[in-house]
Amino acid sequence: MPELPEVETVRRGLEAKLIGATIADVSVRDRRLRWPVAEDFERRVVGSRVERIERRSKYLLFRLTRAGPNDVPITAGTLLAHLGMTGSFIVHEAGAAPELRTHDHLEFQLVRSGSALPLTLLRYNDPRRFGSMHYFGGEDSAQPLLAHLGPEPLTDAFTGEHLYEQTRRRTGPIKQALMDNGLVVGVGNIYANESLFRAGIHPARAANRISLARYERLAREVKTILNEAIAAGGSTLKDFVNASGEPGYFQLDYFVYGREGEVCKVCASPLKHMRHGGRATVLCSVCQR
DNA sequence: CCGACAACCTGTGAGC
DNA sequence: TGCTCACAGGTTGTCG
């Protein structure tokens with residue numbers, strides 16, 4: 001489900017609700033995620049305070065601290081979470097939480113300093129269990145899952161020049177290159193389809209046969225579409241919800257994704273359908289060359 | 001290094 | 001109604 005805009009939407013929601021709260025307890029109802037939740041996960045995070053919530057690629061990083069001498073907070077470590085295809089984090093107000101659902105795999109109980117009550121509940125639900133939950137101390141760069149990621153698309157490090165330089169030896173389709181986390185992170189199947197349409201580039205075009213000028217256009221379109229999607233609260237195709245359990249609306253603005261069999265919104269030509277790396281690609285062969 | 005593919009899971013919708 | 005099949009937003013690992 002979630003690509004960068006959806007994860008960023010969740011991050012903002014969690015940040016608004018959880019910063020400054022302390023994890024009083026964690027219950028892991030099912031350890032079987034993408035990787036098994038470590039046996040010492042609960043012991044490592046309980047008692048920590050949520051200092052910041054950051055995003056790197058599609059990972060959420062909960063930066064945790066503990067009370068040191070004289071109540072000075074000291075860095076404790078990072079809770080690293082990924083939503084996979086179907087993961088969701090939902091925060092429930094104390095006393096107003098619904099029954100646990102199927103696939104609610106973890107539940108965090110959080111408290112505000114100064115009062116033991118009320119409790120806030122943070123639930124992680126993930127039907128397909130492609131998501132993950134880790135705890136680590138130390139530097140991000142020492143984490144295998146974070147060590148080899150390319151630049152964030154919404155930073156100045158991501159440019160058309162970067163794309164151009166990094167694709168000189170790539171003869172495969174640009175669409176697959178764009179979805180390669182070593183080249184740029186956060187662009188999944190939906191936004192790869194959409195940004196290529198907006199940039200007028202055919203998804204099957206060999207990555208090393210695209211000019212610098214066209215890559216500059218593509219980098220701009222990627223930034224624009226991700227920002228627009230974040231502003232719309234992400235896309236809800238099926239089951240994406242933010243930290244309050246509400247859907248996003250950006251899917252209403254798709255030009256091509258999921259529109260196979262329909263016509264191009266720009267030129268009215270029938271959209272075409274193909275597959276790259278097992279993923280559905282939709283394009284307009286008139287608008288995209 | 002690059003690229004294709006299977007694998008990890010459950011749920012859903014289409015077609016018969 | 002019920003069965004089977006294809007497919008779904010992500011990422012890793014293996015193999016050629």
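The structure presented is a predicted model; accordingly, all values stated were derived computationally and were not measured. Below, chains carry the letters A, B, ... as their sequence lines are ordered, and counting in each starts from 1.
- At a threshold of 4.0 angstrom between heavy atoms, the contacts of Y59(A) are confined to the sugar-phosphate backbone, with no base atom among them.
- Comparing dG9(C) with dG3(B), their C1' atoms sit 22 Å apart, to the nearest whole Å.
- The side chain of F240(A) lies closest to dG9(C) when the candidates are dG9(C), dT11(C), dT10(B).
- Rounding to whole angstrom units, CG of residue D126(A) and C1' of dT11(C) are separated by 13 Å.
- Per the geometry, CG belonging to L145(A) stands 9 Å off C1' belonging to dT11(C), to the nearest Å.
- Separating the CZ atom of R279(A) from the P atom of dA4(B) is a distance of 14 Å, rounded to the nearest angstrom.
- The neighbour count for E93(A) CD, taken as heavy atoms of other residues, nucleotides or ligands under 6.0 Å away, does not exceed 12.
- Listed by chain and number, the residues in a ring pair (Phe, Tyr, Trp, His ring centres under 6.0 Å) with Y135(A) amount to none (sequence neighbours excluded).
- Computed from coordinates, the L33(A) CG to dC9(B) P distance equals 11 Å when rounded to whole Å.
- The ring pair (Phe, Tyr, Trp, His ring centres under 6.0 Å) search around H103(A) returns H105(A), not counting sequence neighbours.
- Stacking of R43(A) on the aromatic ring of F41(A) is not recorded, the 6.0 Å distance cut-off and the 45° axial limit not both being met.
- Put simply, CD on Q251(A) is 12 Å from C1' on dG9(C), counting in whole angstrom units.
- In this pair, Y191(A) and Y254(A) present their aromatic rings perpendicular. The plane angle is above 60°, beyond the 30 to 60° band.
- Residue-to-nucleotide contacts include a donor-acceptor pair under 3.5 Å from the side chain of R128(A) to the base of dA8(C).
- Spacing between atom CG of L237(A) and atom P of dC7(C) amounts to 17 Å, rounded to whole angstrom units.
- Atom CZ of R169(A) has 12 or fewer heavy atoms from other residues, nucleotides or ligands within 6.0 Å.
- Looking at heavy-atom distances under 4.0 Å, N181(A) makes contact with sugar-phosphate atoms alone, never a base.
- Counting non-hydrogen atoms under 4.0 angstrom, G188(A) reaches the backbone sugars and phosphates but no base.
- Going from atom CD1 of I23(A) over to atom CZ of F62(A) covers 8.0 Å, rounded to the nearest 0.5 Å.
- Nucleic acid contact class of K238(A) (heavy atoms, under 4.0 Å, all strands): base.
- You'll find that the side chain of R275(A) is closest to dC7(C), out of dT12(C), dG11(B), dC7(C).
- Taking CG of N193(A) as the reference point, atom CG of L283(A) lies at 8.5 Å (rounded to 0.5 Å).
- Looking at heavy-atom distances under 4.0 Å, R32(A) makes no contact with the nucleic acid at all.
- Between F255(A) and F197(A), the ring planes lie parallel to each other; the angle is under 30°, not in the 30° to 60° tilted range.
- The side chain of F130(A) sits closest to dC8(B) out of dC8(B), dG9(C), dT10(B).
- As a whole-Å value, the separation of R129(A) CZ from dT11(C) C1' is 16 Å.
- Base-pair partner of dT4(C): dA14(B) (Watson-Crick or G-U wobble, both distances under 3.5 Å).
- The P atoms of dA6(B) and dA6(C) are separated by 13 Å, rounded to the nearest whole Å.
- Listed by residue number, R169(A), R170(A), T171(A), G172(A), Q176(A) are the residues of residues 167-178 of chain A with a heavy-atom contact under 4.0 Å to DNA chain B.
- With a cut-off of 3.5 Å on both pairing distances, dC9(B) has no Watson-Crick or G-U wobble partner at all.
- The side chain of H276(A) places no N or O atom within less than 4.0 Å of a non-bridging phosphate oxygen (OP1 or OP2) of dA4(B).
- If R34(A) and T102(A) are placed on DNA chain B by their nearest nucleotide, the residue sitting closer to the 5' end is R34(A).
- Taking the side chain of A280(A) as heavy atoms from C-beta on, and the options dA8(C), dC9(B), dT12(C), the nearest nucleotide is dA8(C).
- Ranking dT11(C), dG11(B), dG10(C) by closeness to the M85(A) side chain, first place goes to dG10(C).
- Note: NE2 (H82(A)) to P (dT12(C)) measures 8 Å, nearest angstrom.
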